[in-house]
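Please read the structure below before turning to the comments.
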Amino acid sequence: MSGSELLKTLLYTINNVLQQEKYKAALAVVKGFRNGAVYGAKIRAPHALVMTFLFRSGSLKDKLKAIAKATYTHSRNLAYFVFVYKGLQTLQEKIQGKTLQSHSFLAACLGGWLVFGENNNINSQINMYLLSRILFALSRLAVEKGYIPQPRKDPFPMFATLVWGIVLWLFEYYPHTLQPSLQSSMNYLYHDSNVWHNITDFLIYNKAKAAAAK
């Protein structure tokens, strides 16, 4: 059998397996792992690239290493989590013979503890990102279920008012309580803009090259 024929046979066998209903649950877990890895890399790489070159000092090699490490960590963790979550969901459904809302919650809790429970920069950013989303979602759900009354006016202006008031108060007086990346962003916006020496570091650069190199 030639190499091309062997490849065709292999592809046919793989595609045949992928069409088998009895393997669907297990294959969905595998594809979930794949999608987690791809999505994690897609959203982390551009973010790490921008933040590293804006705020991180060091050689080009060091910066590229930092970008690669952050991208790998995010991609790996998301892939692991999806694998654990979908695997546990499938396992619970097989054991109980039906799908329950508790299955999703329990699978995600265990996956979050195993994968995102380590306190590092990447996990911290992801967990805080999700926290803001679930607070919004729970507020909407509480209104839908009738636990709290429907607001007569759009609450978003008040929400924005409190968010910006609190975060700038924390930044100005208790900056150590904020995440390092947020501190860096706010330093760039609100404190670095208080310092300049001439037109070069007033409009063209944030800091004079000589000062930045110190």
Next on the checklist: Please evaluate residues Phe33 and Val82 with respect to the criterion side chain to side chain contact (heavy atoms under 4.5 Å, CB included), reporting the C-alpha separation (whole Å), side-chain torsions for both, the decisive distance (0.1 Å), and the verdict.
Outcome noted: CA-CA 6 Å; Phe33 180 90; Val82 176; 5.9 Å; no
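- Placement of Trp113 and Phe81 within a single hydrophobic cluster is found when ILVMFWY residues are connected by side-chain heavy-atom separations under 4.5 Å, directly or transitively.
- A pairwise comparison of heavy atoms in Thr71 and Ala48 identifies OG1-CB, 4.5 Å as the closest pair.
- Annotation: side chain of Gln19 is not in contact with side chain of Asn15 (no heavy-atom distance under 4.5 Å).
- The neighbour count for Asn198 CG, taken as heavy atoms of other residues, nucleotides or ligands under 6.0 Å away, is above 12.
- Taking NZ of Lys42 as the start and OG of Ser75 as the end, the distance is 11.5 Å to the nearest 0.5 Å.
- Using a 4.5 Å cut-off on side-chain heavy atoms (C-beta onward), Ile126 and Ile122 make contact.
- Annotation for Gln101: atom CD does not count as buried by contact number, only 12 or fewer foreign heavy atoms lying within 6.0 Å.
- A distance of 9.5 Å separates CG of Leu182 from CG of Leu170, quoted to the nearest 0.5 Å.
- Looking at heavy atoms from C-beta onward, Pro157 lies in side-chain contact with Asp154 at the 4.5 angstrom threshold.
- Side-chain atoms of Asp201 never come within 3.5 Å of backbone atoms of Asn206 as a donor-acceptor pair (strictly under, hydrogens ignored).
- The list of side-chain hydrogen bond (donor to acceptor under 3.5 Å, both in side chains) pairs with a residue in residues 125-147, not counting sequence neighbours, reads Arg44-Gln125.
- In plain terms, the two heavy atoms of Val143 and Pro151 that are nearest each other are CG2-CD, 4.4 Å.
- Of all heavy-atom pairs spanning Gln92 and Ala107, the tightest one is NE2-CB, 3.9 Å.
- Between Trp196 atom CH2 and Ile204 atom CD1 the span is 15.5 Å, to the nearest 0.5 Å.
- One distance of note links CG of Leu60 with NZ of Lys65; it measures 11.5 Å at 0.5 Å rounding.
- Listed for the Glu172 side chain is no donor-acceptor partner under 3.5 Å among the backbone atoms of Leu168.
- Between the Gln183 side chain and the Leu178 main chain, a donor and an acceptor come within less than 3.5 Å of each other.
- Here the shortest heavy-atom pairing between Ala41 and Pro46 reads O-CD, 4.2 Å.
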Checklist entry - Given Leu110 and Leu114, is the side chain to side chain contact (heavy atoms under 4.5 Å, CB included) satisfied, shown in steps? => result CA-CA 6 Å; Leu110 185 56; Leu114 291 173; 4.0 Å; yes
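- Within the model, atoms OG1 of Thr73 and CG of Leu78 stand 12.5 Å from one another, a figure rounded to the nearest 0.5 Å.
- Membership of the apolar cluster around Leu135 extends to Leu131, Ile134, as traced through chained side-chain contacts below 4.5 Å between ILVMFWY residues.
- Side-chain polar atoms of Asn187 and Ser184 form no donor-acceptor pair below 3.5 angstrom.
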Next on the checklist: Using side chain to side chain contact (heavy atoms under 4.5 Å, CB included), reason through Trp164 and Val167 one step at a time and then give a plain yes or no.
Outcome noted: CA-CA 5 Å; Trp164 284 96; Val167 76; 4.2 Å; yes
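- Here the shortest heavy-atom pairing between His103 and Gln89 reads O-CG, 4.2 Å.
- Ring-plane geometry between Phe136 and Phe159 is classed as perpendicular, the angle between the planes exceeding 60 degrees on a 0 to 90 degree scale with a lower cut at 30.
- Hydrophobic clustering, with ILVMFWY side chains joined whenever heavy atoms are under 4.5 angstrom apart, keeps Leu162 apart from Leu138.
- Within 6.0 Å of CE on Met158 lie no more than 12 heavy atoms contributed by other residues, nucleotides or ligands.
- In this structure, Asn123 contributes its side chain and Asn119 its backbone to no donor-acceptor pair below 3.5 Å.
- No continuous path of ILVMFWY side-chain contacts below 4.5 Å connects Tyr205 to Phe202, so the two sit in separate hydrophobic clusters.
- In the displayed structure, Tyr23 atom OH is contacted under 6.0 Å by at most 12 heavy atoms of other residues, nucleotides or ligands.
- The NZ atom of Lys86 sits 11.0 Å away from the CG atom of Leu27 when rounded to the nearest 0.5 Å.
- Tyr72 and Tyr39 fall into different hydrophobic clusters, defined by Ile, Leu, Val, Met, Phe, Trp and Tyr side-chain heavy atoms under 4.5 Å apart, directly or through other members.
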Next on the checklist: Walk me through whether Ser124 and Asn121 qualify under side-chain hydrogen bond (donor to acceptor under 3.5 Å, both in side chains).
Outcome noted: CA-CA 5 Å; Ser124 180; Asn121 290 338; over 6 Å; no
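- By the criterion of side-chain heavy atoms lying less than 4.5 angstrom apart, applied directly or through intervening Ile, Leu, Val, Met, Phe, Trp or Tyr residues, Val38 is not grouped with Val30; the two fall into different hydrophobic clusters.
- Looking at heavy atoms from C-beta onward, Phe53 lies in side-chain contact with Ile67 at the 4.5 angstrom threshold.
- The aromatic ring centroids of Phe171 and His191 lie less than 6.0 Å from each other.
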Next on the checklist: If you apply the rule side-chain hydrogen bond (donor to acceptor under 3.5 Å, both in side chains), what do you find for Ser193 with Tyr188, and how did you get there?
Outcome noted: CA-CA 7 Å; Ser193 56; Tyr188 183 87; over 6 Å; no
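- With contacts defined as side-chain heavy-atom distances shorter than 4.5 Å, the pair Gln179/Met128 qualifies.
- Closest approach of Met51 to Ser185, counting heavy atoms only: CE-OG, 3.8 Å.
- No more than 12 heavy atoms of other residues, nucleotides or ligands lie within 6.0 Å of CZ in Phe83, so this atom counts as exposed by the packing criterion.
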